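Positions are given from 1 along the sequence. Fair warning: this is a prediction, and the values are worked out from it, not measured in the lab.
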Amino acid sequence: MDGSTNSLDDVSAGSSAEYPDRVSMMEGRLQLQENEITLLKSSLADALRRLRLHDQLIPLLKQQLIAVNPAAARVLNQVFCSDGFSSSRKLSSSSALDGTRHPATRVRRNSEKLAKDPQEKTKKRLDKKAASSANLLTRSPSLESRTKDLIASAGSPGSRRGTQGQSIKMFIRGRPITMYVPSNIQNYDDLRMEPPVEKLELDWVYGYRGRDCRANLYLLASGEAVYFIACVVVLYHINNRTQRHYSKHTDCVRCLTIHPDKVRVASGQTAGVDKDGKPLQPYVHIWDSSTLITLQQIGLGTFERGVGSVAFSFADSGAFLCVIDDSNEHMLSVWDCAKGTKHAEVKSTNEAVFTVEFNPNDSTNIITCGKSHVYFWTLSAGSLTKKQGIFGKYKKPKFIQCFVFSLTGDVLTGDSEGNILTWGKSPGDVKTLGKGAKETFQIMRQTRAHDGSVFTLCMLQGGALLSGGGKDRKIIRWSADLAPERECEIPEKFGAVRCIADVDGEEVLVGTTRNAILRGTFSDGFVAIVQGHVDEMWGLATHPSQDVFLTCGHDRQVCVWNTEEHKLDWCTTLEEYGLCADFCPNGAVVSVGLSTGRWLVLDLQTKDVVSDYTDGNEQLSVMRYSPDGSFLAVGSHDNFIYIYNVTESGRRYSRYGKCNGHSSFITHLDWSKDGKYIMSNSGDYEILYWDIAGGCKLLRNRYESKDREWASYTCVLGFHVMGVWLEGSDGTDINALCRSHNERMVAVADDFCKVHLFQYPCPKPKAPNHSYEGHGSHVTNVRFTHCDSHVLSMGGKDTCILQWRVKRGGTGDSGRDRLHSSSSTSTSSPEP
């Protein structure tokens, strides 16, 4: 780890709290504009594709009409001319039908007339500036509907378009998406949607937030380590290897402290925003760790942006709670824990503040530290006054990272220069300042400790001290007089030491900057008891027959986890970051799609790369094996789906074909149960169907696929999952969904940090569902395990994996049979 990395770690927990993340905001706006441009381009391409399709259908329609009703053909010809689809080729064919010749001047007049049409003027204006994609599609759907009506009125008994049955349209960002109703539904309007009888219960949380938070790992009297990630505070019993969860926070938890009784806990959260982008109010919860009951909510409506640090008083048995928020002034407030009322408040500093603590022997003394400062506060008569620590002849460090109180009452600080500074009171300098000079807090001693920052200090019983380093990743044990006694180094793969919690004087828990928690001693070394990703995750796949799942993300790690033992089986690091994955049906290998168009096949036992291929030069978004494992479909951001033959138990691949027809990047795809067809979604909300067995051909008539059965259902757009979309959705509100293997449930990952559980199928809008919180960022993916016993969900920026237990609510038929029976039942018993 070099110096630049060390400097980034120094400010990781402070700079983000000090200033609004303007770069992220601008990146978000830029991404929205890029999405609009992509949608506009895709819509134009889709409109051209539809026009070409109509051109191909016109001769067929006319032939059918001539055979049945020649008069209707003449009427249809007039419709095409009035819609501006006349050309010299079309006029000549229509002339042959109605027996008349049309002069060229009529074509020009007709063109001039169309140019004056308001719709045509609108289209010309849209060519010069960005416009809503919905307006670009007003012509072809109207033409299609008018053609359908015309054919039906002409009485064509053998026309498929005239006898297509029911279809439903849903709208996303103004764009109509047609869904064809399956044949087994007699009356769509009488379908009754109910929430699933199954429910979810949080079973396990994978990960720990050590990357950008500090002082967030403690050991309770119960033997449980308490820490947080996303919106969940985890209580992990280090001996029994069990978890409990405090899940009352509504956004990401940012700080944590424990009461002197080692039972009560205070945790503070960030503000966050709701689904409409409105800011939510941050607060602190005081709760009982034995019962998980919230005892007090502190500061609702008082704090700005979030809560950065919290601390209980010790001298008075935890009567007060000190809080520092993330506002520009980093307001320091003291609260009465029993009453939940504010006792005092003051602006602390405009610089980043990392931590706050009460003097354990005097609750009127409070210390804060952060960027270039140490402040000593005095609480008196409901007001707070401060004195700044004087560095004097010593070099002023850029960051004061942490501090503890020694048994003698001195304050020990760790800084970004790698030093431990001992602070004490000095009498006022009467010679310099004259009479009335006040006492000051000055550095009494400087001890060189680490190469790089001192990230954490932990005082042990008996007066010994532990220090944790950043750049050197060392843990050093110091005697009471700060003489080094023992040291050890944390393996590089776990990152730097973020915080230390004492277990019994010998054994300690160590939180690291790469989101791991280690347990061990100086003599025996350290092993990881909690591990997680360190950057945004997108790829998630579950094993077809074992309690195993795989994750991959922007940290370039591919991790294989065991859902039964709740542990990481193995992890490997790739050259590029992974975005999608899928297990071969035989369970022996897994394919991983990367950000560069490259994809790898890994052996699950040896971790070796058995195949390495590249398709295009854009990121891959979906990997999906056919049900029998004979094909692999690779969906790319270059708008293509690449199909491969799979042989030698998933270890050998050869290109079979390419699906070309989407006008935007591929987002999701599924295979039919017979392994011959594919359903795919794209970034411009298209639903297309492909005949793979017939040569990767696009099925032009989507109506023919309405009764097809799918081996999996992960496409977010489709008739059977239409009800998962909220009214007014913009198309990106749902990131992923997954149907259970028993076809009874659909789990949904949305953009508002929630996981939903719907009944399958759910083809009606506003379908009722069960909603679950826990993630602190957009939920990027969701999957059922092979036996539907658990649901796995992964957050984006929160780097958190949540494992949900499916609580069975009863037995019943499969989802497909239930839809048919509910349809027939609701006909006789309509919904009130």
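In this structure, E564 places its CD atom where only 12 or fewer heavy-atom neighbours from other residues, nucleotides or ligands lie under 6.0 Å away.
Separating the CG atom in N365 from the CG atom in N359 is a distance of 5.0 Å, to the nearest 0.5 Å. Here the CD1-OG distance, from I400 to S416, works out to 7.0 Å after rounding to the nearest 0.5 Å. Of the inter-residue distances, the one linking L568 atom CG with Q531 atom CD reads 5.0 Å to the nearest 0.5 angstrom.
Taking all atoms of both residues into account, the shortest heavy-atom contact from W287 to L292 is CZ3-CD2, 3.9 Å. Listed here is the closest heavy atom pair of W335 and K342: CE3-N, 3.4 Å. Contact detail for I229 and G207: the closest heavy-atom pair is CD1-C, 3.5 Å.
F358 and W377 have their aromatic ring centers separated by at least 6.0 angstrom. Proximity of the aromatic rings of W423 and F441 is defined here by a centroid distance below 6.0 angstrom, and this criterion is not met. Aromatic rings of Y206 and F549 (six-membered ring for Trp) have centroids within the 6.0 Å cut-off, being under it.
Two residues are said to be in side-chain contact when any heavy atoms from C-beta on lie closer than 4.5 Å; L509 and L219 meet this criterion. The shortest side-chain heavy-atom distance between S327 and F303 does not fall under the 4.5 Å cut-off. Contact check for T368 versus I324: side-chain heavy atoms found under the 4.5 Å cut-off. Under the 4.5 Å side-chain criterion, counting only non-hydrogen atoms from C-beta, L332 is in contact with C322. The side-chain heavy atoms of F455 and C499, taken from C-beta on, include no pair separated by under 4.5 Å. When side chains are defined from C-beta on, V226 counts as touching L256, because their heavy atoms get closer than 4.5 Å. Taking the side chain as every heavy atom from C-beta outward, I475 and V497 approach each other to under 4.5 Å. No side-chain heavy atom of V234 sits under 4.5 Å from any side-chain heavy atom of F228.
Formation of a donor-acceptor pair under 3.5 Å by the T512 side chain with backbone atoms of F494 is found in this model. The backbone N or O of R209 sits less than 3.5 Å from a side-chain atom of N216, completing a donor-acceptor pair. Checked by atom type and distance alone, the side chain of N515 pairs as donor or acceptor with a backbone atom of H533 at under 3.5 Å. A donor-acceptor pair under 3.5 Å is absent between the side-chain atoms of R264 and the main chain of I286, judged by distance alone. Formation of a donor-acceptor pair under 3.5 Å by the H249 side chain with backbone atoms of S247 is not found in this model. Remark: the backbone N or O of V527 is not paired with any side-chain donor or acceptor of R519 at under 3.5 angstrom. Under the 3.5 Å distance criterion, the side-chain polar atoms of R477 are left unmatched by any main-chain donor or acceptor of L466. Of the possible polar contacts, none joining the Q803 side chain to the V205 backbone as a donor-acceptor pair under 3.5 Å is found. A donor-acceptor pair under 3.5 Å links the side-chain atoms of S313 to the main chain of F320, judged by distance alone. A donor-acceptor pair under 3.5 Å links the side-chain atoms of R244 to the main chain of S290, judged by distance alone.
Defined by atom type and a distance below 3.5 Å, a donor-acceptor pair is present between the side-chain atoms of D261 and H259. Side chain to side chain, D251 and T270 fail the donor-acceptor criterion of an N or O pair below 3.5 Å. In this model, no donor atom of one side chain and acceptor atom of the other lie less than 3.5 Å apart for N240 and T242. At a cut-off of 3.5 Å, with distance as the only test, a side-chain donor of R214 or Q401 sits close to an acceptor on the other residue. A donor atom on one side chain and an acceptor atom on the other are not found under 3.5 Å apart for N419 and Y394. Donor-acceptor pairing under 3.5 Å is recorded for the side chains of T294 and Y246. Counted by atom type alone, Q557 and D555 present one or more donor-acceptor pairs between their side chains at under 3.5 Å. Between the side chains of H343 and D336, no donor-acceptor pair of N or O atoms lies under 3.5 Å. Between the side chains of E351 and T349, not a single donor N or O lies within less than 3.5 Å of an accepting N or O. Side-chain contact check for S406 and T408: at least one donor-acceptor pair (N or O, by modelled atom type) lies under 3.5 Å. No donor-acceptor contact under 3.5 angstrom links the side chains of H237 and S222, judged on distance only.
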Run the side chain to side chain contact (heavy atoms under 4.5 Å, CB included) check on V755 and W804 step by step: do they pass? CA-CA 10 Å; V755 175; W804 308 85; 4.3 Å; yes
Using the rule given for salt bridge (Lys or Arg N to Asp or Glu O under 4.0 Å), can you reason through K395 versus E417, listing the C-alpha separation, both sets of side-chain angles and the distance that settles it, and then say yes or no? CA-CA 9 Å; K395 179 182 178 181; E417 298 295 323; 3.6 Å; yes
Between K474 and E489, does the salt bridge (Lys or Arg N to Asp or Glu O under 4.0 Å) criterion hold? Intermediate values first, please. CA-CA 4 Å; K474 289 183 178 180; E489 186 175 315; 5.3 Å; no
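Among H245, H790, Q243, the one residue that satisfies the side-chain contact (heavy atoms from CB on, under 4.5 Å) test with D203 is H790.
Look at D326 and R254 and you find a salt bridge, because one of the NZ, NE, NH1 or NH2 atoms lies within 4.0 Å of a carboxylate O, short of that distance.
Ring geometry, Y208 versus Y227: the interplanar angle exceeds 60°, so the pair is classed perpendicular (tilted spans 30 to 60°).
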